[in-house]
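Shown next, in C-alpha coordinates, is the structure this report addresses.
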Number of protein chains: 2
Amino acid sequence: MELHAVPDLPEIRPGDDIATLVADRATLEPGDVLTVASTIVSKAEGRTANLEDYPVSGRAKEIASRIEDVAGEEKDPRFAQAVLEESTELLIDCPFLLTETRFGHICVNAGIDRSNVPDHDILLLPRKPAESAERIREGLAARGHEDVAVIVTDTCGRPFRHGQRGVALGWAGMPASRDWRGEVDRDGHELGVTVQSVVDELSSAANLVTGEAADGTPAVVVRDWEFGNLEGSDELFRDVEDDLVRQALREWRFES
Amino acid sequence: MELHAVPDLPEIRPGDDIATLVADRATLEPGDVLTVASTIVSKAEGRTANLEDYPVSGRAKEIASRIEDVAGEEKDPRFAQAVLEESTELLIDCPFLLTETRFGHICVNAGIDRSNVPDHDILLLPRKPAESAERIREGLAARGHEDVAVIVTDTCGRPFRHGQRGVALGWAGMPASRDWRGEVDRDGHELGVTVQSVVDELSSAANLVTGEAADGTPAVVVRDWEFGNLEGSDELFRDVEDDLVRQALREWRFES
(Lines give C-alpha, C1' and ligand atoms only; values in the text may rest on other atoms or scores of the structure.)
Protein backbone atom coordinates (compact mmCIF):
# COMPACT_ATOMS: atom_id res chain seq x y z
CA MET A 1 0.00 0.00 0.00
CA GLU A 2 1.29 3.47 -0.92
CA LEU A 3 0.12 6.94 0.04
CA HIS A 4 0.97 10.05 -1.96
CA ALA A 5 -0.01 13.59 -1.05
CA VAL A 6 -1.54 15.52 -3.96
CA PRO A 7 0.97 18.34 -4.53
CA ASP A 8 0.44 22.07 -4.96
CA LEU A 9 -3.28 22.41 -4.33
CA PRO A 10 -4.16 26.11 -4.18
CA GLU A 11 -6.16 27.76 -1.40
CA ILE A 12 -9.70 26.54 -2.11
CA ARG A 13 -12.48 29.10 -2.75
CA PRO A 14 -16.27 28.77 -3.00
CA GLY A 15 -17.27 27.08 -6.24
CA ASP A 16 -13.88 25.47 -6.86
CA ASP A 17 -14.10 22.01 -8.43
CA ILE A 18 -11.98 19.73 -6.25
CA ALA A 19 -12.15 16.84 -8.74
CA THR A 20 -10.56 18.99 -11.45
CA LEU A 21 -7.96 20.49 -9.13
CA VAL A 22 -6.91 16.99 -8.00
CA ALA A 23 -7.04 15.43 -11.47
CA ASP A 24 -4.74 18.17 -12.79
CA ARG A 25 -2.12 17.42 -10.13
CA ALA A 26 -2.26 13.71 -9.28
CA THR A 27 -1.76 10.46 -11.12
CA LEU A 28 -4.87 8.37 -10.53
CA GLU A 29 -5.42 4.70 -11.32
CA PRO A 30 -8.51 2.48 -11.16
CA GLY A 31 -8.79 1.08 -7.62
CA ASP A 32 -7.16 4.10 -5.96
CA VAL A 33 -8.75 5.74 -2.93
CA LEU A 34 -8.64 9.55 -2.79
CA THR A 35 -8.98 11.14 0.65
CA VAL A 36 -9.96 14.79 0.83
CA ALA A 37 -9.90 16.85 4.03
CA SER A 38 -13.32 18.22 4.92
CA THR A 39 -11.86 21.73 5.27
CA ILE A 40 -11.33 22.10 1.52
CA VAL A 41 -14.66 20.42 0.73
CA SER A 42 -16.37 22.93 3.03
CA LYS A 43 -14.54 25.84 1.44
CA ALA A 44 -15.47 24.69 -2.07
CA GLU A 45 -19.08 24.36 -0.94
CA GLY A 46 -19.10 27.82 0.60
CA ARG A 47 -19.69 26.53 4.14
CA THR A 48 -18.15 29.61 5.75
CA ALA A 49 -20.16 31.88 8.02
CA ASN A 50 -19.82 34.84 10.31
CA LEU A 51 -20.85 34.85 13.94
CA GLU A 52 -23.15 37.83 13.37
CA ASP A 53 -25.27 35.48 11.21
CA TYR A 54 -26.35 33.61 14.36
CA PRO A 55 -29.05 35.34 16.43
CA VAL A 56 -28.63 33.85 19.89
CA SER A 57 -31.37 31.69 21.40
CA GLY A 58 -31.93 31.46 25.14
CA ARG A 59 -30.53 27.94 25.10
CA ALA A 60 -27.31 29.00 23.37
CA LYS A 61 -26.91 31.84 25.86
CA GLU A 62 -27.38 29.51 28.81
CA ILE A 63 -24.95 26.92 27.40
CA ALA A 64 -22.30 29.51 26.58
CA SER A 65 -22.49 31.06 30.04
CA ARG A 66 -21.30 27.80 31.63
CA ILE A 67 -18.31 27.02 29.43
CA GLU A 68 -14.99 28.67 28.78
CA ASP A 69 -13.29 28.93 25.43
CA VAL A 70 -9.65 28.02 24.85
CA ALA A 71 -8.50 31.41 26.15
CA GLY A 72 -10.38 30.85 29.41
CA GLU A 73 -13.06 33.38 28.50
CA GLU A 74 -16.77 32.73 28.42
CA LYS A 75 -17.71 31.10 25.13
CA ASP A 76 -19.24 33.34 22.48
CA PRO A 77 -22.98 32.54 22.62
CA ARG A 78 -23.18 33.04 18.84
CA PHE A 79 -20.67 30.19 18.45
CA ALA A 80 -22.80 28.00 20.74
CA GLN A 81 -25.79 28.91 18.55
CA ALA A 82 -23.91 27.83 15.42
CA VAL A 83 -23.02 24.50 17.07
CA LEU A 84 -26.67 23.90 18.03
CA GLU A 85 -27.84 24.66 14.48
CA GLU A 86 -25.44 22.07 13.04
CA SER A 87 -26.47 19.39 15.55
CA THR A 88 -29.31 16.99 16.28
CA GLU A 89 -28.21 16.08 19.82
CA LEU A 90 -26.04 17.64 22.48
CA LEU A 91 -24.20 14.76 24.20
CA ILE A 92 -22.03 16.89 26.51
CA ASP A 93 -22.91 20.54 27.20
CA CYS A 94 -20.20 21.35 29.74
CA PRO A 95 -17.18 21.84 29.97
CA PHE A 96 -17.23 21.62 26.16
CA LEU A 97 -19.83 20.88 23.49
CA LEU A 98 -19.93 17.33 22.14
CA THR A 99 -22.73 16.94 19.62
CA GLU A 100 -24.11 14.69 16.93
CA THR A 101 -24.07 16.48 13.60
CA ARG A 102 -27.01 16.32 11.21
CA PHE A 103 -25.26 13.56 9.24
CA GLY A 104 -24.56 11.41 12.32
CA HIS A 105 -20.94 12.19 13.21
CA ILE A 106 -20.17 12.83 16.89
CA CYS A 107 -17.49 15.43 17.58
CA VAL A 108 -16.65 18.54 19.59
CA ASN A 109 -18.30 21.83 18.49
CA ALA A 110 -20.08 20.04 15.61
CA GLY A 111 -16.73 20.14 13.83
CA ILE A 112 -16.89 23.92 13.39
CA ASP A 113 -13.42 25.29 12.71
CA ARG A 114 -12.16 28.73 13.73
CA SER A 115 -8.75 28.35 12.10
CA ASN A 116 -8.31 27.76 8.37
CA VAL A 117 -10.92 30.42 7.46
CA PRO A 118 -9.45 33.38 5.58
CA ASP A 119 -12.41 35.75 5.13
CA HIS A 120 -14.96 34.60 7.66
CA ASP A 121 -15.28 33.74 11.34
CA ILE A 122 -16.07 30.04 11.09
CA LEU A 123 -16.00 27.04 8.75
CA LEU A 124 -18.83 24.49 9.05
CA LEU A 125 -18.47 20.82 8.10
CA PRO A 126 -19.89 19.82 4.71
CA ARG A 127 -23.67 19.51 4.95
CA LYS A 128 -23.75 15.95 3.53
CA PRO A 129 -20.20 14.59 3.25
CA ALA A 130 -21.31 11.35 1.54
CA GLU A 131 -22.86 13.42 -1.25
CA SER A 132 -19.72 15.57 -1.42
CA ALA A 133 -17.63 12.41 -1.82
CA GLU A 134 -19.95 11.12 -4.54
CA ARG A 135 -19.76 14.43 -6.45
CA ILE A 136 -15.95 14.35 -6.37
CA ARG A 137 -16.00 10.72 -7.50
CA GLU A 138 -18.30 11.56 -10.40
CA GLY A 139 -16.13 14.55 -11.29
CA LEU A 140 -13.07 12.31 -11.46
CA ALA A 141 -14.93 9.75 -13.58
CA ALA A 142 -16.02 12.53 -15.97
CA ARG A 143 -12.32 13.35 -16.44
CA GLY A 144 -11.51 9.72 -17.32
CA HIS A 145 -10.54 8.58 -13.81
CA GLU A 146 -12.98 5.71 -13.38
CA ASP A 147 -13.18 3.54 -10.26
CA VAL A 148 -11.58 5.90 -7.76
CA ALA A 149 -13.19 5.73 -4.30
CA VAL A 150 -13.39 9.03 -2.41
CA ILE A 151 -13.40 9.66 1.35
CA VAL A 152 -14.09 13.05 2.95
CA THR A 153 -12.02 13.08 6.16
CA ASP A 154 -11.70 15.03 9.36
CA THR A 155 -9.65 14.70 12.53
CA CYS A 156 -11.19 14.37 15.96
CA GLY A 157 -10.51 13.22 19.49
CA ARG A 158 -12.02 10.25 21.27
CA PRO A 159 -12.73 8.86 24.73
CA PHE A 160 -10.15 6.64 26.47
CA ARG A 161 -7.19 7.82 24.36
CA HIS A 162 -5.44 11.16 24.06
CA GLY A 163 -4.89 12.84 20.73
CA GLN A 164 -6.77 13.20 17.51
CA ARG A 165 -6.79 10.82 14.57
CA GLY A 166 -8.19 10.92 11.05
CA VAL A 167 -11.78 9.71 10.61
CA ALA A 168 -14.17 9.44 7.68
CA LEU A 169 -17.19 11.75 7.42
CA GLY A 170 -18.47 10.57 4.04
CA TRP A 171 -17.39 8.13 1.34
CA ALA A 172 -18.30 6.96 -2.15
CA GLY A 173 -17.24 4.07 -4.35
CA MET A 174 -16.51 1.69 -1.48
CA PRO A 175 -18.25 0.40 1.67
CA ALA A 176 -17.41 1.93 5.07
CA SER A 177 -16.38 -1.38 6.58
CA ARG A 178 -15.62 -4.96 5.73
CA ASP A 179 -16.97 -7.93 7.55
CA TRP A 180 -14.78 -10.87 8.51
CA ARG A 181 -17.66 -12.88 9.99
CA GLY A 182 -17.40 -16.49 8.94
CA GLU A 183 -13.68 -16.17 8.21
CA VAL A 184 -11.38 -18.42 10.21
CA ASP A 185 -7.88 -18.17 11.60
CA ARG A 186 -4.98 -20.52 10.76
CA ASP A 187 -6.38 -23.13 13.13
CA GLY A 188 -9.91 -22.94 11.79
CA HIS A 189 -11.35 -20.98 14.73
CA GLU A 190 -13.85 -18.29 13.86
CA LEU A 191 -12.40 -14.80 14.21
CA GLY A 192 -13.20 -12.60 17.17
CA VAL A 193 -12.86 -9.42 15.13
CA THR A 194 -15.77 -9.07 12.79
CA VAL A 195 -16.29 -5.60 11.34
CA GLN A 196 -13.28 -3.51 10.32
CA SER A 197 -13.86 0.19 9.71
CA VAL A 198 -11.70 0.56 6.63
CA VAL A 199 -12.79 4.13 5.78
CA ASP A 200 -11.62 5.29 9.20
CA GLU A 201 -8.36 3.38 8.89
CA LEU A 202 -7.75 4.90 5.45
CA SER A 203 -8.51 8.35 6.88
CA SER A 204 -6.04 7.80 9.72
CA ALA A 205 -3.39 6.58 7.29
CA ALA A 206 -3.93 9.62 5.05
CA ASN A 207 -3.70 11.96 8.03
CA LEU A 208 -0.12 10.79 8.57
CA VAL A 209 0.91 12.35 5.26
CA THR A 210 -1.53 15.26 5.26
CA GLY A 211 0.00 17.54 7.85
CA GLU A 212 -2.06 20.19 9.57
CA ALA A 213 0.10 23.26 9.21
CA ALA A 214 0.96 25.82 6.53
CA ASP A 215 2.45 23.23 4.18
CA GLY A 216 -0.56 20.96 4.62
CA THR A 217 -1.57 18.80 1.69
CA PRO A 218 -5.29 18.16 2.15
CA ALA A 219 -5.70 15.40 -0.46
CA VAL A 220 -3.99 12.01 -0.51
CA VAL A 221 -4.02 9.15 -3.02
CA VAL A 222 -3.95 5.61 -1.57
CA ARG A 223 -2.72 3.01 -4.06
CA ASP A 224 -2.34 -0.78 -4.02
CA TRP A 225 -4.84 -1.32 -1.27
CA GLU A 226 -7.61 -3.83 -1.85
CA PHE A 227 -10.94 -4.12 -0.12
CA GLY A 228 -10.83 -7.85 -0.92
CA ASN A 229 -13.55 -10.40 -1.39
CA LEU A 230 -15.51 -9.65 1.80
CA GLU A 231 -18.96 -8.38 2.62
CA GLY A 232 -19.18 -4.62 3.10
CA SER A 233 -21.43 -2.34 5.10
CA ASP A 234 -22.11 1.40 5.04
CA GLU A 235 -23.05 1.69 8.70
CA LEU A 236 -20.46 3.84 10.41
CA PHE A 237 -22.25 6.12 12.87
CA ARG A 238 -23.79 4.33 15.85
CA ASP A 239 -27.36 4.99 16.91
CA VAL A 240 -27.94 5.55 20.61
CA GLU A 241 -29.53 2.07 20.84
CA ASP A 242 -26.20 0.51 19.79
CA ASP A 243 -24.03 2.71 21.96
CA LEU A 244 -23.82 2.31 25.72
CA VAL A 245 -21.57 5.37 26.01
CA ARG A 246 -24.24 7.55 24.40
CA GLN A 247 -26.78 6.04 26.79
CA ALA A 248 -24.54 6.78 29.75
CA LEU A 249 -23.95 10.37 28.61
CA ARG A 250 -27.70 10.99 28.41
CA GLU A 251 -27.98 10.34 32.14
CA TRP A 252 -24.88 12.25 33.17
CA ARG A 253 -24.23 15.92 33.90
CA PHE A 254 -20.82 17.50 34.42
CA GLU A 255 -20.17 18.86 37.90
CA SER A 256 -16.97 20.85 38.31
CA MET B 1 4.53 6.58 2.67
CA GLU B 2 4.62 2.85 1.88
CA LEU B 3 3.41 -0.18 3.84
CA HIS B 4 4.68 -3.69 3.24
CA ALA B 5 3.48 -6.81 5.01
CA VAL B 6 6.31 -9.00 6.31
CA PRO B 7 5.91 -12.21 4.30
CA ASP B 8 5.85 -15.84 5.43
CA LEU B 9 5.99 -15.50 9.19
CA PRO B 10 5.48 -18.93 10.75
CA GLU B 11 2.96 -19.71 13.49
CA ILE B 12 4.58 -18.12 16.56
CA ARG B 13 5.38 -20.30 19.61
CA PRO B 14 6.47 -19.44 23.15
CA GLY B 15 10.07 -18.27 23.23
CA ASP B 16 10.20 -17.33 19.53
CA ASP B 17 12.29 -14.24 18.83
CA ILE B 18 10.09 -11.94 16.76
CA ALA B 19 12.96 -9.57 15.93
CA THR B 20 14.93 -12.41 14.30
CA LEU B 21 11.90 -13.81 12.49
CA VAL B 22 11.12 -10.37 11.04
CA ALA B 23 14.74 -9.47 10.25
CA ASP B 24 15.11 -12.74 8.29
CA ARG B 25 12.12 -11.91 6.10
CA ALA B 26 11.88 -8.11 5.70
CA THR B 27 14.05 -5.37 4.29
CA LEU B 28 14.46 -2.76 7.02
CA GLU B 29 15.90 0.74 6.71
CA PRO B 30 16.69 3.39 9.31
CA GLY B 31 13.56 5.45 9.97
CA ASP B 32 11.17 2.57 9.26
CA VAL B 33 8.33 1.78 11.65
CA LEU B 34 7.60 -1.91 12.28
CA THR B 35 4.10 -2.75 13.52
CA VAL B 36 3.58 -6.13 15.18
CA ALA B 37 0.17 -7.54 16.08
CA SER B 38 -0.18 -8.18 19.80
CA THR B 39 -1.36 -11.74 19.10
CA ILE B 40 2.09 -12.87 17.98
CA VAL B 41 3.81 -10.90 20.74
CA SER B 42 1.56 -12.65 23.28
CA LYS B 43 2.27 -16.04 21.74
CA ALA B 44 6.04 -15.45 21.80
CA GLU B 45 5.75 -14.36 25.44
CA GLY B 46 3.74 -17.45 26.39
CA ARG B 47 0.64 -15.43 27.34
CA THR B 48 -1.70 -18.36 26.70
CA ALA B 49 -3.83 -19.82 29.48
CA ASN B 50 -6.57 -22.33 30.13
CA LEU B 51 -9.86 -21.52 31.77
CA GLU B 52 -9.28 -24.16 34.44
CA ASP B 53 -6.39 -21.97 35.66
CA TYR B 54 -8.91 -19.40 36.93
CA PRO B 55 -10.61 -20.29 40.24
CA VAL B 56 -13.81 -18.26 40.17
CA SER B 57 -14.36 -15.48 42.70
CA GLY B 58 -17.81 -14.46 43.87
CA ARG B 59 -17.54 -11.27 41.87
CA ALA B 60 -16.70 -13.11 38.63
CA LYS B 61 -19.63 -15.47 39.21
CA GLU B 62 -22.02 -12.58 39.77
CA ILE B 63 -20.77 -10.70 36.69
CA ALA B 64 -20.92 -13.77 34.46
CA SER B 65 -24.46 -14.60 35.55
CA ARG B 66 -25.75 -11.32 34.09
CA ILE B 67 -24.14 -11.42 30.66
CA GLU B 68 -24.45 -13.63 27.65
CA ASP B 69 -21.61 -14.75 25.45
CA VAL B 70 -21.69 -14.50 21.67
CA ALA B 71 -23.70 -17.71 21.38
CA GLY B 72 -26.38 -16.30 23.69
CA GLU B 73 -25.32 -18.52 26.58
CA GLU B 74 -24.38 -17.37 30.05
CA LYS B 75 -20.74 -16.25 30.07
CA ASP B 76 -18.20 -18.69 31.47
CA PRO B 77 -17.42 -17.33 34.97
CA ARG B 78 -13.81 -18.49 34.58
CA PHE B 79 -13.53 -16.19 31.56
CA ALA B 80 -14.96 -13.31 33.62
CA GLN B 81 -12.36 -14.15 36.28
CA ALA B 82 -9.56 -13.96 33.69
CA VAL B 83 -10.84 -10.56 32.53
CA LEU B 84 -10.88 -9.25 36.12
CA GLU B 85 -7.34 -10.47 36.75
CA GLU B 86 -6.05 -8.59 33.69
CA SER B 87 -7.86 -5.36 34.64
CA THR B 88 -7.59 -2.47 37.07
CA GLU B 89 -11.11 -1.10 36.48
CA LEU B 90 -14.37 -2.45 35.16
CA LEU B 91 -15.98 0.39 33.16
CA ILE B 92 -18.98 -1.57 31.88
CA ASP B 93 -20.02 -4.86 33.51
CA CYS B 94 -23.16 -5.56 31.51
CA PRO B 95 -24.09 -6.46 28.74
CA PHE B 96 -20.39 -6.94 28.05
CA LEU B 97 -17.14 -6.33 29.93
CA LEU B 98 -15.28 -3.12 29.15
CA THR B 99 -12.20 -2.79 31.31
CA GLU B 100 -8.97 -0.89 31.74
CA THR B 101 -6.04 -3.27 31.44
CA ARG B 102 -3.09 -3.11 33.81
CA PHE B 103 -1.13 -1.07 31.26
CA GLY B 104 -3.94 1.49 30.74
CA HIS B 105 -5.67 0.35 27.54
CA ILE B 106 -9.47 0.30 27.58
CA CYS B 107 -11.11 -2.49 25.61
CA VAL B 108 -13.70 -5.27 25.73
CA ASN B 109 -12.78 -8.42 27.72
CA ALA B 110 -9.36 -6.95 28.60
CA GLY B 111 -8.36 -7.89 25.05
CA ILE B 112 -8.48 -11.60 25.82
CA ASP B 113 -8.77 -13.59 22.61
CA ARG B 114 -10.54 -16.91 22.22
CA SER B 115 -9.63 -17.39 18.56
CA ASN B 116 -6.03 -17.58 17.33
CA VAL B 117 -5.00 -19.94 20.18
CA PRO B 118 -3.96 -23.37 18.97
CA ASP B 119 -3.25 -25.30 22.19
CA HIS B 120 -4.98 -23.33 24.92
CA ASP B 121 -8.34 -21.77 25.71
CA ILE B 122 -7.36 -18.10 25.74
CA LEU B 123 -4.67 -15.64 24.71
CA LEU B 124 -3.97 -12.68 27.02
CA LEU B 125 -2.57 -9.34 25.83
CA PRO B 126 1.17 -8.80 26.40
CA ARG B 127 1.77 -7.86 30.03
CA LYS B 128 3.69 -4.67 29.19
CA PRO B 129 3.43 -3.93 25.46
CA ALA B 130 5.81 -0.94 25.63
CA GLU B 131 8.51 -3.24 27.01
CA SER B 132 7.69 -5.81 24.34
CA ALA B 133 8.12 -3.14 21.66
CA GLU B 134 11.42 -2.05 23.18
CA ARG B 135 12.71 -5.65 23.25
CA ILE B 136 11.86 -6.14 19.57
CA ARG B 137 13.51 -2.80 18.74
CA GLU B 138 16.66 -3.82 20.60
CA GLY B 139 16.62 -7.22 18.89
CA LEU B 140 16.48 -5.53 15.49
CA ALA B 141 19.32 -3.16 16.43
CA ALA B 142 21.41 -6.14 17.56
CA ARG B 143 20.96 -7.56 14.05
CA GLY B 144 22.18 -4.34 12.45
CA HIS B 145 18.78 -2.73 11.92
CA GLU B 146 19.31 0.52 13.84
CA ASP B 147 16.68 3.23 14.19
CA VAL B 148 13.56 1.16 13.53
CA ALA B 149 10.59 2.21 15.69
CA VAL B 150 8.30 -0.62 16.84
CA ILE B 151 4.58 -0.53 17.65
CA VAL B 152 2.67 -3.42 19.22
CA THR B 153 -0.87 -3.16 17.82
CA ASP B 154 -4.33 -4.51 18.45
CA THR B 155 -7.77 -3.92 16.97
CA CYS B 156 -10.69 -2.73 19.04
CA GLY B 157 -14.07 -1.05 18.80
CA ARG B 158 -15.03 2.40 20.05
CA PRO B 159 -18.02 4.48 21.10
CA PHE B 160 -19.91 6.56 18.51
CA ARG B 161 -18.67 4.59 15.49
CA HIS B 162 -19.25 1.03 14.36
CA GLY B 163 -16.42 -1.30 13.54
CA GLN B 164 -12.96 -1.95 14.83
CA ARG B 165 -9.75 -0.20 13.88
CA GLY B 166 -6.08 -0.74 14.60
CA VAL B 167 -4.71 0.89 17.77
CA ALA B 168 -1.33 0.98 19.49
CA LEU B 169 -0.79 -0.87 22.79
CA GLY B 170 2.92 -0.15 23.19
CA TRP B 171 5.66 1.57 21.21
CA ALA B 172 9.41 2.19 21.25
CA GLY B 173 11.74 4.43 19.29
CA MET B 174 9.17 7.16 18.67
CA PRO B 175 6.70 9.26 20.68
CA ALA B 176 3.02 8.28 20.76
CA SER B 177 1.83 11.61 19.42
CA ARG B 178 3.04 14.82 17.88
CA ASP B 179 1.99 18.24 18.96
CA TRP B 180 1.06 20.96 16.47
CA ARG B 181 0.54 23.62 19.15
CA GLY B 182 2.04 26.89 18.04
CA GLU B 183 1.91 25.87 14.38
CA VAL B 184 -0.18 28.10 12.11
CA ASP B 185 -2.30 27.58 9.03
CA ARG B 186 -1.75 29.26 5.63
CA ASP B 187 -3.33 32.46 6.94
CA GLY B 188 -1.33 32.56 10.14
CA HIS B 189 -4.16 31.41 12.42
CA GLU B 190 -3.21 29.02 15.18
CA LEU B 191 -4.37 25.47 14.48
CA GLY B 192 -7.41 23.99 16.18
CA VAL B 193 -5.97 20.48 16.08
CA THR B 194 -3.14 20.13 18.54
CA VAL B 195 -2.15 16.58 19.42
CA GLN B 196 -2.11 13.91 16.72
CA SER B 197 -1.96 10.30 17.86
CA VAL B 198 0.50 9.02 15.27
CA VAL B 199 1.02 5.57 16.84
CA ASP B 200 -2.72 4.91 16.55
CA GLU B 201 -2.81 6.21 12.99
CA LEU B 202 0.16 4.00 12.05
CA SER B 203 -1.59 1.02 13.70
CA SER B 204 -4.76 1.72 11.71
CA ALA B 205 -2.78 2.05 8.49
CA ALA B 206 -0.98 -1.23 9.15
CA ASN B 207 -4.25 -2.99 9.92
CA LEU B 208 -5.36 -2.29 6.34
CA VAL B 209 -2.62 -4.57 5.02
CA THR B 210 -2.55 -7.05 7.93
CA GLY B 211 -5.71 -9.00 7.34
CA GLU B 212 -7.33 -10.97 10.11
CA ALA B 213 -7.90 -14.34 8.52
CA ALA B 214 -5.88 -17.44 7.68
CA ASP B 215 -3.54 -15.56 5.33
CA GLY B 216 -3.00 -12.83 7.93
CA THR B 217 0.37 -11.12 7.97
CA PRO B 218 0.81 -9.86 11.54
CA ALA B 219 3.84 -7.60 10.94
CA VAL B 220 4.04 -4.58 8.64
CA VAL B 221 6.91 -2.25 7.68
CA VAL B 222 6.02 1.44 7.22
CA ARG B 223 8.56 3.32 5.10
CA ASP B 224 9.02 6.94 4.04
CA TRP B 225 6.97 8.36 6.87
CA GLU B 226 8.50 11.09 8.97
CA PHE B 227 7.57 12.21 12.46
CA GLY B 228 8.87 15.66 11.52
CA ASN B 229 10.28 18.47 13.59
CA LEU B 230 7.51 18.63 16.19
CA GLU B 231 7.26 18.08 19.91
CA GLY B 232 6.28 14.54 20.91
CA SER B 233 4.46 13.03 23.87
CA ASP B 234 4.10 9.50 25.20
CA GLU B 235 0.73 10.04 26.82
CA LEU B 236 -1.79 7.87 25.03
CA PHE B 237 -4.14 6.38 27.63
CA ARG B 238 -6.43 8.91 29.33
CA ASP B 239 -6.80 9.01 33.09
CA VAL B 240 -10.32 9.24 34.42
CA GLU B 241 -9.70 12.90 35.36
CA ASP B 242 -9.16 13.72 31.67
CA ASP B 243 -12.02 11.65 30.36
CA LEU B 244 -15.65 12.70 30.77
CA VAL B 245 -16.87 9.46 29.22
CA ARG B 246 -15.07 7.44 31.90
CA GLN B 247 -16.61 9.72 34.52
CA ALA B 248 -20.06 9.22 33.02
CA LEU B 249 -19.63 5.45 32.91
CA ARG B 250 -18.75 5.38 36.63
CA GLU B 251 -22.20 6.74 37.46
CA TRP B 252 -24.13 4.60 35.00
CA ARG B 253 -25.52 1.08 35.18
CA PHE B 254 -26.98 -0.87 32.27
CA GLU B 255 -30.68 -1.64 32.53
CA SER B 256 -32.08 -3.94 29.86
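Any value given below was found using the heavy atoms of this structure, including those in side chains, with hydrogens, waters and symmetry copies removed.
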Residue [X] versus chain B: region with a heavy atom under 4.5 Å:
{"X": "A/R178", "value": "side chain"}
{"X": "A/L208", "value": "both"}
{"X": "A/L98", "value": "side chain"}
{"X": "A/F96", "value": "side chain"}
{"X": "A/E100", "value": "neither"}

Could you tell me whether a side-chain N or O of A/E201 sits under 3.5 Å from a main-chain N or O of B/E201, the two making a donor and an acceptor? no
Check for a donor-acceptor pair, side chain of B/D243 on one end and backbone N or O of A/P159 on the other, with a separation under 3.5 Å. no
Choice from B/V222, B/L249, B/L244 maximising heavy atom contacts with chain A below 4.5 Å: B/L244
Under a 4.5 Å heavy-atom cut-off, does chain A meet the side chain of B/I92, its backbone, both or neither? side chain
With only heavy atoms counted, which part of B/Q247 is less than 4.5 Å from chain A, the side chain, the backbone, both or neither? both
Hey, which residues of residues 232-242 of chain A are touching chain B, say heavy atoms under 4.5 Å apart? A/E235, A/L236, A/F237, A/R238, A/D242
Scan for salt bridge (charged side-chain N to carboxylate O under 4.0 Å, His left out) pairs involving residues 152-167 of chain A, sequence neighbours excluded, and state none if there are none. A/R158-B/D200, A/R161-B/D200
